[in-house]
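Heads up, the thing below is written out as structure tokens.
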Amino acid sequence: MISSFIDLRSDTVTRPSIEMKRAMCEAPLGDDVYGEDPSVNKLQEEMAGLFGKEAGLFVPTGVMSNQLAIKAWTAPGDEVIVERESHIFNYETAAPSMMSAVQLNPVVGEQGILHSEHVRAAIRPAAYYYPRTTMVCIENTHNRMGGTIHPIGGIQDLHAFCLEQQIPLHLDGARIWNAHIATGTPLKSYGEAVESISICFSKGLGAPVGSMLLGPKDVITRAHKYRKIFGGGMRQAGMLAAAAQYAVEHHLPLLAEDHRRAQVFTAALASCRDFRIQPEKTESNMVLLDFSASDIRAEAAQQRLRESGIEIGMGMGDMLRAVFHLDLDDEILDRAISIFTTIFD
Ligand SMILES: Cc1ncc(COP(=O)(O)O)c(C=O)c1O
């Protein structure tokens with residue numbers, strides 16, 4: 001870690017290594033707006049193959065990837081079913097209403113998971129005065145729920161139901177890599193259980209920039225046009241694609257270390273009385289610390305930690321969220337645990 005404080009805020013705070021920067025410098029480049037960047041083309045083809053989808057589109061961010069999916073699958077005036085705590089509903093600044101002129105229908109899932117019965121109840125009947133339900137979105141792993149995993153069986157069941165209803169299922173898979181490493185479920189199985197998937201290289205995998213929308217060719221062709229309209233046409237983007245390629249090739253197995261550290265942290269602090277950790281909810285690289293039954297408010301705890309050299313993010317309600325990532329090691333983990341046990345009971 002470069003800075004001296006311990007940064008547990010997010011897995012997006014990592015810095016590219018020298019080796020990753022070298023791969024970026026050595027990448028063959030071209031103009032991607034002309035479709036001529038070999039490094040971008042290679043990444044798009046390889047990721048499409050890895051997830052069993054027809055085509056891929058490299059984009060700067062996960063938000064753009066999700067929003068292009070919504071734009072490509074819907075028409076103005078449609079409705080999109082999302083989970084109430086999803087990133088799309090909470091953190092994408094109402095983009096679906098601005099960019100796609102659609103309405104979101106936020107449905108409370110079970111710990112962030114949408115089952116077919118949730119979706120069945122939310123699909124609009126055919127009467128002319130209702131919006132048309134034309135898309136369902138899920139998220140895996142689930143950010144606000146603390147990195148929890150939507151099991152592949154559940155996604156497949158939901159997919160079968162959505163196919164029956166002829167409604168495309170989109171997966172916000174910003175951290176699908178974590179779900180894959182934690183469960184051993186092949187990436188292809190996730191890809192095949194949805195119509196489109198957004199993947200991010202800039203979260204746990206540690207690339208500085210980059211996400212990708214994967215799906216059927218016609219949808220990616222539409223998304224390609226909208227990427228240009230949204231201002232996301234990049235020129236020698238191969239430098240960024242090379243970082244993403246490096247991240248997938250070298251950092252994917254390292255997510256297991258993030259998960260192990262999250263478990264060690266959970267086990268070390270599970271008996272603290274100032275906050276509550278539910279060990280069964282530490283499923284990947286995130287740990288939620290619940291202060292709702294404590295005399296200390298999460299915000300005050302966050303400040304106390306800051307003064308002791310730990311930056312940590314707020315979670316939902318009265319919770320803090322610790323995220324384990326590539327720039328943390330066992331020595332930093334031990335230091336973090338020792339600070340927590342010193343300042344909390
Ligand atoms: C689940 C999820 N989806 C999408 C995004 C958006 O990614 P970006 O910050 O690259 O736009 C994030 C960001 O943290 C996320 O956690």
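Counting convention: from 1, in listed order, for ligands and their atoms alike. Sequential numbering from 1 along the given sequence is applied to the chain's residues.
Apart from L254 itself, the hydrophobic cluster it occupies contains L326, where clustering links Ile, Leu, Val, Met, Phe, Trp and Tyr at side-chain heavy-atom distances under 4.5 Å.
Contacts of F275 classified as ring pair (Phe, Tyr, Trp, His ring centres under 6.0 Å), with partners at least two apart in sequence or in another chain: F291, F344.
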side-chain hydrogen bond (donor to acceptor under 3.5 Å, both in side chains) evaluation trace for S284 with N178: CA-CA 6 Å; S284 60; N178 295 82; 5.1 Å; no

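Note on residues 75-102: pairs passing ring pair (Phe, Tyr, Trp, His ring centres under 6.0 Å), not counting sequence neighbours, are H87-Y91.
Aromatic ring centres of Y190 and F51: separated by at least 6.0 Å.
Salt bridge present: D32 and R227 bring a charged side-chain N and a carboxylate O closer than 4.0 Å.
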Give every pair made of an N or O atom of ligand 1 and a protein N or O atom lying under 3.5 Å apart, one pair per line with both atom names and the distance to 0.1 Å, or write 'none'.
residue, atom, partner, partner atom, Å
ligand 1, 3 (N), D172, OD1, 3.1
ligand 1, 3 (N), D172, OD2, 2.7
ligand 1, 7 (O), K203, NZ, 3.0
ligand 1, 10 (O), G62, N, 2.9
ligand 1, 10 (O), K203, NZ, 3.1
ligand 1, 11 (O), G62, N, 3.2
ligand 1, 11 (O), V63, N, 2.9
ligand 1, 16 (O), N143, ND2, 2.8
ligand 1, 16 (O), R175, NH1, 2.7

